[in-house]
K.L.:
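This structure is in structure tokens; I'll ask about it shortly.
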Protein chains: 4
Amino acid sequence: MASDNISDSPQVVRTGKRAQQARETREKILKAAVKVFAEDGFSGGRIDRISKEADSNDRMIYYYFGNKEKLFLEVLESIYLAFNEAERRLDLDLSDPVEALKGIVRFTFAYYLAHPEFVAILNDENLHRGRHSRQSNNIQNISGDIQSNLKPVFEEGQKRGLFRPDVSVRNLYLTISALTYFYCSNQHTLTIFMNQDFKSPEFQSQWLNHIIDVTLNSVMIRGES
Amino acid sequence: MASDNISDSPQVVRTGKRAQQARETREKILKAAVKVFAEDGFSGGRIDRISKEADSNDRMIYYYFGNKEKLFLEVLESIYLAFNEAERRLDLDLSDPVEALKGIVRFTFAYYLAHPEFVAILNDENLHRGRHSRQSNNIQNISGDIQSNLKPVFEEGQKRGLFRPDVSVRNLYLTISALTYFYCSNQHTLTIFMNQDFKSPEFQSQWLNHIIDVTLNSVMIRGES
Amino acid sequence: MASDNISDSPQVVRTGKRAQQARETREKILKAAVKVFAEDGFSGGRIDRISKEADSNDRMIYYYFGNKEKLFLEVLESIYLAFNEAERRLDLDLSDPVEALKGIVRFTFAYYLAHPEFVAILNDENLHRGRHSRQSNNIQNISGDIQSNLKPVFEEGQKRGLFRPDVSVRNLYLTISALTYFYCSNQHTLTIFMNQDFKSPEFQSQWLNHIIDVTLNSVMIRGES
Amino acid sequence: MASDNISDSPQVVRTGKRAQQARETREKILKAAVKVFAEDGFSGGRIDRISKEADSNDRMIYYYFGNKEKLFLEVLESIYLAFNEAERRLDLDLSDPVEALKGIVRFTFAYYLAHPEFVAILNDENLHRGRHSRQSNNIQNISGDIQSNLKPVFEEGQKRGLFRPDVSVRNLYLTISALTYFYCSNQHTLTIFMNQDFKSPEFQSQWLNHIIDVTLNSVMIRGES
DNA sequence: TATGAATGAGCTTTCATTCAT
DNA sequence: TATGAATGAAAGCTCATTCAT
């Protein structure tokens, strides 16, 4: 009992409160950084805009993250992690590989549409030739199993004689990624050059139908579908 | 004669020479700007790095281009133009639509591979939500006929009953773009996350085969190919 | 007995322990501050380097010393005090004034060599025109009797007709100080400019011999030595 | 004639004017830097105080000197150079070595008194363990012949049997330096601790007499003076 | 007593840009 | 046409210091 009191002692509680607040501050900064870096890239993203957006001050960014580069690294980690978690939440029915595959395409496209910051930051990271990702061991671990959703589905489909045995999971993965990602990443220039509103739900949905069709046609055994 | 000489006077000659030199200086700066903006983006690209790279000096950039923004605009124009010109040089045999379509895929992929600066700058422009492209009338004109190669080929194939009538040129265009562009634009993060060297000729060529397959499967009428 | 125990109660004991710990923390900080200020000067010395060097944290410095300025003041006091104490430990034989004088030269030189932090901090204090020393009454008291060792020795030598009556203790004191201090305080630039290693024991010992010679020659009555 | 005009052409003249102004700006900054670094040291010296003192702006310091460190290096070089030049202007009469030696002591003391910035900056450089001087080849060249004034005088005196053959020029040089430099470099703490105004002309002059006496006694052959 | 969290002012440095010739 | 010199604004970052528990 007494020991209970001690474990609930003001000191511990106090520490808890402060630590909680601190975690929140850190989180607010990280969130603001995601937003700002997504909008302006690493070079264009301003420390003081981030701190203002986070209702904090410049100094805290250095307190929690060291410098701009390290902050960007954590931003990268956090968006990869969020993507992974979303993927993990995808519940696929392996008993219907075709439908499951469609589900993956739908999910991927929806995720990119809903997370322009993911696309923007990934683009910026590629502009810098993956410089930050290469630095971080965390990042390489985070995305270790990039094909973990697709692989069982595709292999199950192959086993059942639905999907072509001569297509690799890797190429299928890249195909789906390309068809979904490109639409989002290049929407602004495409909107201008094709005079077509890539943000309109109608256009998005017809594109989704198209890429599901493309994807299936690329793996289905002829005469099966 | 003497008066002829005068009309060919040093001044005029000099002007001619100078104009030539001027054009060269301008060209050198533009080329350097393409390089620097491709490497560091608009925000990260430094005026003085460009002028050094061009063996010129900062002041000349302002003399010829006004400011950084306008310089970037010209850079955009120049890379779009170069792409268009390359496309125009493509000589397609309409009498064999399937082969012609393959040729377009090959060309597009090869162009992106050979012109990382095109991909990088387009990415950066998308990061900035097409801000610069939207400003320039030139740019919109340049890329007015973005599907000019593909359209006749595809329509010829449809006419001949080779290609599906329910696929739009637009979607086909986007499909090819996505499959070729994504490989290049995201190669750095993909290289890290998939532990696969996207620069290796072998991997590139197997990907090319794959996307030709995907493209054809997406348009060919079943049982025809 | 029991009450005795109470007066020796945990609280008191704890206080005693804590007070002891507190004194130790304070001492560790002071020691670290001496080191850091000696290496980087007042302006260059960083609070957080001091706290890290002391295995403590910034806040403690403010708790114990108020601010950077006051900490520096205590540092000054502590090094003056240490010098004074070392001087006081010098046991001179007044019956042999010449030997005693030599002893003072030896001691002074040895002290500066062994205490580069003393020299460095004194230099820094002079850079700031004695700003801190002037503020502190303590400091002026500490070094009230700066010539307390030298005076009796020199006066004894004068009384015995060994030392010139026309030389002042003050000038003799400054002479010894100059000859010993300068060697240490300027050793780094001298090492560079004279291409001579001022840290080498041989060079130090020949210099000691030289300055003993110079000192004696400056006070001995001609024909006496 | 025509060619004369060309060499006097506006272009050259114009360039000349601007270049002249530029040199002046640079010089003003350097002078201001000497002052500020002398007063506050390297760490304490503020870039913006220097630029204000120079009636210029921060940016120009970076334009002309690169960064604070390099500016300090040039400051060091400039004060060493000034000292060397002053030394070179000293016209010594070798036919009277004793008087010449006195002249050197007088000059050295007078120089340090007149140039507190030299003493202060040298002190600061020693605080940083000669870090900057070691970096610069220029500096090592500048002060290559640090004993060039003293050497001929002393050797002439030795040749004539006036000066002791067992004293090295090097030690004599250090002796004079120590006796003159210390007075200046440590005047602020000494003024406080000895309760003696080291700035007063009387005290300075009695010290000069004393150190001339000390110096001569350290080299004169007994019975000669 | 001790310590993480927070802060504002100010530091060095860089940037795009303009001036003057 | 070309170029060194100059500039103000703002960038990233560090500093000594204080708050809150």
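By convention in this document, chain letters (A, B, ...) are assigned in the order of the sequence lines, proteins followed by strands, and residues within each chain are numbered from 1.
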K.L.:
Is the phosphate of F:dT3, meaning OP1 or OP2, less than 4.0 Å from a side-chain N or O of B:Y62?
P.N.:
no
K.L.:
If I take atom CD1 in residue A:I61 and atom P in nucleotide E:dT7, what distance separates them, rounded to the nearest angstrom?
P.N.:
12 Å
K.L.:
Are side-chain N/O atoms of D:S51 and D:D58 paired as donor and acceptor at under 3.5 Å?
P.N.:
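D:D58 and D:S51 do have a side-chain donor-acceptor pair below 3.5 Å.
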K.L.:
Below 4.0 angstrom, N of the basic side chain to O of the carboxylate: do A:R131 and A:E69 qualify?
P.N.:
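Looking at A:R131 and A:E69, the cut-off is met.
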K.L.:
Thinking salt bridges, do D:E53 and D:K28 make one under a 4.0 Å N-O criterion?
P.N.:
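No, D:E53 and D:K28 are not salt-bridged.
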K.L.:
Is B:R46 near enough to E:dT14 that one of its side-chain N or O atoms lies under 4.0 angstrom from OP1 or OP2?
P.N.:
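For E:dT14, neither OP1 nor OP2 has a side-chain N or O of B:R46 closer than 4.0 Å.
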K.L.:
Tell me which of C:G45 and D:D55 sits closer to the 5' end of DNA chain F, going by the nucleotide each one is nearest to.
P.N.:
D:D55
K.L.:
NA contact type, B:G66, heavy-atom cut-off 4.0 Å: base, sugar-phosphate, or nothing?
P.N.:
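Nothing, no nucleic acid heavy atom in range.
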K.L.:
Using Watson-Crick pairs (N1 to N3, plus N6-O4 or O6-N4) and G-U wobble pairs, both distances under 3.5 Å, which stems of at least 3 pairs involve DNA chain F?
P.N.:
E:2-21 with F:2-21
K.L.:
Would you mind telling me which of C:L76, C:L73, C:N126 makes a side chain to side chain contact (heavy atoms under 4.5 Å, CB included) with C:S133?
P.N.:
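Among the candidates, only C:L76 passes.
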K.L.:
Is the ring pair B:F72/B:F37 parallel, tilted or perpendicular, if the boundaries are 30 and 60 degrees?
P.N.:
perpendicular
K.L.:
If only side-chain N and O atoms of C:R59 are considered, is one of them under 4.0 Å from the OP1 or OP2 phosphate oxygen of E:dT3?
P.N.:
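Looking at the OP1 and OP2 atoms of E:dT3, neither is under 4.0 Å from any side-chain N or O of C:R59.
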K.L.:
Is A:T25 close enough to E:dA6 that one of its side-chain N or O atoms is under 4.0 Å from OP1 or OP2 there?
P.N.:
yes
K.L.:
For B:S43 and C:N57, take the nucleotide of DNA chain E holding the closest heavy atom to each; which residue's nucleotide lies nearer the 5' end?
P.N.:
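The residue mapped nearer the 5' terminus is C:N57.
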K.L.:
Counting only side-chain heavy atoms from C-beta out, which of F:dA6, F:dC13, E:dA16 sits nearest to B:K68?
P.N.:
E:dA16
K.L.:
Please tell me which of D:Q21 and B:Y63 maps to the more 5' nucleotide of DNA chain F, matching each residue to the nucleotide holding its nearest heavy atom.
P.N.:
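By nearest-heavy-atom nucleotide position, the 5'-most residue is B:Y63.
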K.L.:
Measuring only between side-chain heavy atoms, which start at C-beta, is D:E125 closer than 4.5 Å to D:F42?
P.N.:
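A side-chain contact is absent here, since even the closest heavy-atom pair is not under 4.5 Å.
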K.L.:
What's A:F65 touching, base or sugar-phosphate or nothing? Going by heavy atoms closer than 4.0 Å.
P.N.:
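Counting heavy atoms under 4.0 Å across all strands, no contact is made by A:F65.
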K.L.:
Please determine if D:E39 and C:R129 form a salt bridge, counting it only when a charged side-chain N lies under 4.0 Å from a carboxylate O.
P.N.:
no
K.L.:
Quick one: label C:D58 by what it contacts on the DNA or RNA (base, sugar-phosphate, nothing), any heavy atom closer than 4.0 Å.
P.N.:
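Since a base atom lies under 4.0 Å of C:D58, the category is base.
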